[in-house]
Number of protein chains: 2
Amino acid sequence: MRMQDIARRLGISAMTVSRALKSDSSVAPATRAAVLKAIEELGYVPNQIAGSLSSSRSGFAAILVPSLNNPHFSETVLALGNALHDRTMQLLIGNTDYDRHKEAELVRAFLARKPEAIILTSDGHDPRILPMLAKAKIPVIEIWDLPARPIQHVVGFSNQLAMRGLIAALIGEGYSRITYLGEADDADTRGASRRLGYCEAMAAAGLAPRLCSIGRPPATMSDGERGLETVLAAYPDTELVACVSDPLAFGVIAACQRRGWAVPGRMAVSGFGDFEIARIAVPAITTVQIDAGQIGREAGAIIGEAFKARRDAMPAAIIRPVPALPCLRASTAKAG
Amino acid sequence: MRMQDIARRLGISAMTVSRALKSDSSVAPATRAAVLKAIEELGYVPNQIAGSLSSSRSGFAAILVPSLNNPHFSETVLALGNALHDRTMQLLIGNTDYDRHKEAELVRAFLARKPEAIILTSDGHDPRILPMLAKAKIPVIEIWDLPARPIQHVVGFSNQLAMRGLIAALIGEGYSRITYLGEADDADTRGASRRLGYCEAMAAAGLAPRLCSIGRPPATMSDGERGLETVLAAYPDTELVACVSDPLAFGVIAACQRRGWAVPGRMAVSGFGDFEIARIAVPAITTVQIDAGQIGREAGAIIGEAFKARRDAMPAAIIRPVPALPCLRASTAKAG
DNA sequence: CTGTTAGCGCGTTCAC
DNA sequence: GTGAACGCGCTAACAG
């Protein structure tokens, strides 16, 4: 069924049907009512592929995240999706699995769909995506970090500074034998940034870094459970395990509890991200607070501004920092 | 940039470029190499919107889930996405927020994109979507439950039987003052099914149902923390809280621990779904094991079979059950 | 307020 | 193995 069929049935032209479906165009109220009624009765669904080709507006924005399974990223995706819904745009979601090559492949596949904006979770990108993005001439937004050399717009925070701030605060609490537990390789540059922040904070206090790793990202609760062994093997005198993320920290705490070790007391543990579990777990987990939803909303706002700016002037790159502050909780409390 | 531009540059026709991009067509190897080289150099990205319009194959499948934030659904989405990737199809993901009306709106919006298959998380659907789906003439797969009156294909398990099995097992362990904690309304019919399963198991043992609720879905850890109060207010003698999901159970356990109550011992708690947290938490949480990834993979396989069947014969509805078995863990262990 | 014309950029279907 | 004509279903841009 095509617009033509609706039109013929009403003795009008397809163009009028098309206009009746866009509420902003000028169509006689009676005509519009008749069109909508006919569409409803016949169960007609417009072909948006044809519409997109004709209008060269796909109605898509694309977002790439390392892992949809991570509640943080899915919250960002959700918030962005809601923001775009208000602009009647849909979201194409891609999962890079912390893999640059897969990211590049997805960028290519998504660009073929002519998205009107693209959001990348800031990471070490495959350099080949840059010319592709430049050619697409659409807003590009990197989220979840503050890259040294941004592609264009940014919504995020410095993972490095945030982790440095947390570790500095913990050192201030009196901890010194702090061991870092994170991913092994640098596929996840947010993880690498956090590790760097840890090292800086330790160095600033005159302490040597103590690094342990658990393999490729993402860092899971199960990794945390195994990770405690790794930490103790390398640094048996550890008094605090600083984890790259909250789920990992939860796993470490669980492993301690299985051993009958008090957390805190026998061992302290910190995380990163302020996942729900960090607030609910017993003990509650010391972490860095991030509002994942806010990142999505801000990204949606930037897309709106970019569209507006295109009409007016040269759209300047927008760098929008979001808060990332340490939050000390029971898991690192010092006894009495 | 269009195919025409590539073609002119090589002194060939656009049609040859098009064929060179589909590896199955007959193009001289030298020609193909030249085309691919030119495309690479110029950074040409084919316009899939035009391709879809012309071939009437969108390359999309659409999936609607109640909540992308739920690690279970995101795992299903991920597995389905991988399965479809092998068929070079992309996944349009929609979040219904446990809302039938929103689901209907999304079905309409997605059908306009001409997906080649649609996957719905089985729920009470808005009846208006049925004619729309029928008209679309594409495979429809309902997942995560076994609906009484399926639309077409199904991959799932009976939430009712699964919960009944779990409760029966717990009654077998010697529990009788079991209180159910779940969502309030029936927006989430999987939750309603589980509640029904609980009631049946209790009735079968001659026990009266003890129902408590925590508001609309999804059931979060925070809901669990508050939920314990609700349970104790209504049924102070509760010895086991049977929760509609693992995160909710985790919240209840956390609330117990904050009161200094031993779990198990002073209170037992069960969940549903076998989320990672159920295995890692201390105590580990008794639950019903579901393989969320398998549901996605099976759905992907059904899409493949449906495409094959279309050529051969009338595609019969496929009902593919997946396992959902009780798993007793420490959180409901009987002392001694 | 409504209709007509002319593409949008590909892939299908023929020719050769 | 390659090219030319045509159409996919809709909307932009113009008439009227």
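Every value quoted in this text rests on a predicted model; they were computed, and no experiment measured them. Values below: all heavy atoms of this structure, side chains included; hydrogens, waters and symmetry mates excluded. Letters A, B, ... mirror the listed sequences (proteins, then strands); counts begin at 1.
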Parallel, tilted or perpendicular: which fits the ring planes of H72(B) and W144(B), with parallel below 30° and perpendicular above 60°? tilted
So what does T31(B) hit on the nucleic acid, given a heavy-atom distance under 4.0 Å: a base, only sugar-phosphate, or nothing? sugar-phosphate
Decide side chain to side chain donor-acceptor pair (under 3.5 Å) for E142(B) and H125(B); before the verdict, give the C-alpha distance in whole Å, the side-chain angles of both, and the deciding distance to 0.1 Å. CA-CA 11 Å; E142(B) 290 174 284; H125(B) 305 294; 2.9 Å; yes
S13(B) vs dG3(D): side-chain N/O to OP1/OP2 distance below 4.0 Å: yes
Name the nucleic acid region contacted by I12(B), choosing base, sugar-phosphate or nothing; use a 4.0 angstrom heavy-atom cut-off, strictly under. sugar-phosphate
Between dC8(D) atom C1' and Q48(B) atom CD, what is the distance in whole Å? 15 Å
With the side chain defined as heavy atoms from C-beta on, P29(A) is closest, among dC10(C), dC1(C), dG9(D), to dC1(C)
Whole angstroms only, please: what is the CD1-P distance between I49(A) and dC10(D)? 11 Å
Whole Å only: how far is the CZ atom of R8(B) from the C1' atom of dG3(D)? 15 Å
Over all strands shown, is M3(B) touching base, sugar-phosphate only, or nothing at heavy-atom distances under 4.0 angstrom? sugar-phosphate
Just wondering, more than 12 heavy atoms not from K135(A) lying within 6.0 Å of its NZ? yes
Whichever of L53(B) and M15(B) has the more 5' nearest nucleotide on DNA chain C, that residue is L53(B)
Name the nucleic acid region contacted by S55(B), choosing base, sugar-phosphate or nothing; use a 4.0 angstrom heavy-atom cut-off, strictly under. sugar-phosphate
Would you mind reporting whether D291(B) and V322(B) have side-chain heavy atoms less than 4.5 Å apart? no
Check the surroundings of atom CD in E40(A): do more than 12 heavy atoms from other residues, nucleotides or ligands lie under 6.0 Å from it? no
No-H, no-angle donor-acceptor pair, R19(B) side chain to dG3(D) base, under 3.5 Å: yes
When you measure from the side-chain N and O atoms of S52(A) to the phosphate of dC10(D), is any distance below 4.0 Å, counting only OP1 and OP2? no
Whole-Å gap separating C1' (dC8(D)) and CG (N47(A)): 8 Å
In a table with atom names and distances, give each donor-acceptor pair under 3.5 Å that connects a side chain of residues 78-90 of chain B to protein atoms at least two apart or in another chain.
{"unit_1": "N82(B)", "atom_1": "ND2", "unit_2": "L78(B)", "atom_2": "O", "d": "3.4"}
{"unit_1": "H85(B)", "atom_1": "NE2", "unit_2": "E105(A)", "atom_2": "OE1", "d": "3.3"}
{"unit_1": "Q90(B)", "atom_1": "OE1", "unit_2": "R113(A)", "atom_2": "NE", "d": "2.9"}

Nearest non-hydrogen partners of P46(B) and Y44(B), listed with the distance: CA-OH, 3.3 Å
dC10(C) phosphate, OP1 or OP2, under 4.0 Å from Y44(B) side-chain N/O: yes
Touch check for T16(A), heavy atoms < 4.0 angstrom, all strands: base, sugar-phosphate only, or nothing? sugar-phosphate
Five-pair end axes of the helix from dC1(C)-dG16(D) to dC16(C)-dG1(D), angle between them (10°): 30°
Would one find a side-chain N or O of S18(A) under 4.0 angstrom from OP1 or OP2 of dT11(D)? yes
